[in-house]
Amino acid sequence: MRIDKFLKVSRVLKRRTVSKEACEKGKVEVNGKEVKAGYQVKTGDVVTLHFAGGSLKFRILNIKETVKKDEAADLYEVIE
């Protein structure tokens with residue numbers, strides 16, 4: 001699954017266009033490397049999102065095409 005879609009499905013970011021823009025601006029890293037929106041994520045990848053007020057680092061636990069709102073947090077675990 002593409003990183004921009006994963007960020008939307010997991011509800012880390014609200015819309016896919018927002019996650020695509022974050023990738024274009026260099027605010028998304030996977031396993032320590034800056035990635036583009038089309039990067040294919042896999043289970044076990046460590047994703048870091050950089051925001052103006054800090055950053056969010058999490059590990060991908062599961063990948064699903066669709067998920068209910070209350071189950072979205074089960075797709076990843078926050079590391080820091």
Side-chain angles (χ1 to χ4, degrees):
M1 177 182 290
R2 292 168 54 110
I3 183 67
D4 61 338
K5 185 171 182 181
F6 179 82
L7 292 172
K8 187 249 182 218
V9 169
S10 64
R11 292 177 173 76
V12 173
L13 296 174
K14 289 191 180 248
R15 294 186 321 245
R16 191 164 174 181
T17 54
V18 173
S19 53
K20 187 174 181 182
E21 287 173 9
C23 291
E24 289 172 357
K25 292 180 180 178
K27 297 184 179 203
V28 181
E29 294 178 1
V30 178
N31 300 325
K33 295 181 182 176
E34 192 176 297
V35 296
K36 298 189 186 249
Y39 181 84
Q40 296 291 317
V41 294
K42 54 192 174 299
T43 306
D45 281 347
V46 176
V47 180
T48 307
L49 284 175
H50 299 283
F51 300 105
S55 63
L56 171 68
K57 190 173 186 179
F58 61 90
R59 179 176 292 112
I60 297 175
L61 300 177
N62 201 348
I63 297 174
K64 294 183 181 179
E65 290 293 320
T66 58
V67 66
K68 294 181 180 173
K69 185 177 181 180
D70 55 337
E71 298 172 356
D74 296 337
L75 296 179
Y76 63 93
E77 68 174 342
V78 177
I79 299 173
E80 293 176 13

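Bear in mind that the values here come from a model prediction, so they are computed numbers and not experimental data. We number each residue from 1, following the sequence as shown.
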*Same cluster for Ile79 and Phe51 if Ile/Leu/Val/Met/Phe/Trp/Tyr side chains link at under 4.5 Å?*
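The answer is no; the residues belong to distinct hydrophobic clusters.
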Can you measure from [atom1] ([X]) to [atom2] ([Y]) and round to the nearest 0.5 angstrom?
| X | Y | atom1 | atom2 | value |
| --- | --- | --- | --- | --- |
| Tyr39 | Cys23 | OH | SG | 11.5 Å |
| Leu13 | Lys20 | CG | NZ | 14.5 Å |
| Ile60 | Asp45 | CD1 | CG | 5.0 Å |
| Lys42 | Gln40 | NZ | CD | 10.0 Å |
| Lys64 | Asp74 | NZ | CG | 7.5 Å |
| Met1 | Leu75 | CE | CG | 8.0 Å |

Do [X] and [Y] touch side chain to side chain, with heavy atoms closer than 4.5 Å?
| X | Y | answer |
| --- | --- | --- |
| His50 | Thr48 | yes |
| Asn62 | Tyr76 | no |
| Lys36 | Glu24 | no |
| Val41 | Ile63 | yes |
| Val28 | Ile3 | yes |
| Val46 | Lys57 | yes |
| Leu56 | Val47 | no |

*In terms of side-chain geometry, is the basic nitrogen of Lys27 or Glu21 positioned less than 4.0 Å from the acidic oxygen of its partner?*
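No, this pair does not count.
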*Just by distance, do the side chain of Ser19 and the backbone of Asp4 share a donor-acceptor pair under 3.5 Å?*
yes
*Got a sec: does the CZ of Arg15 have more than 12 other heavy atoms crowding it under 6.0 Å?*
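Open.
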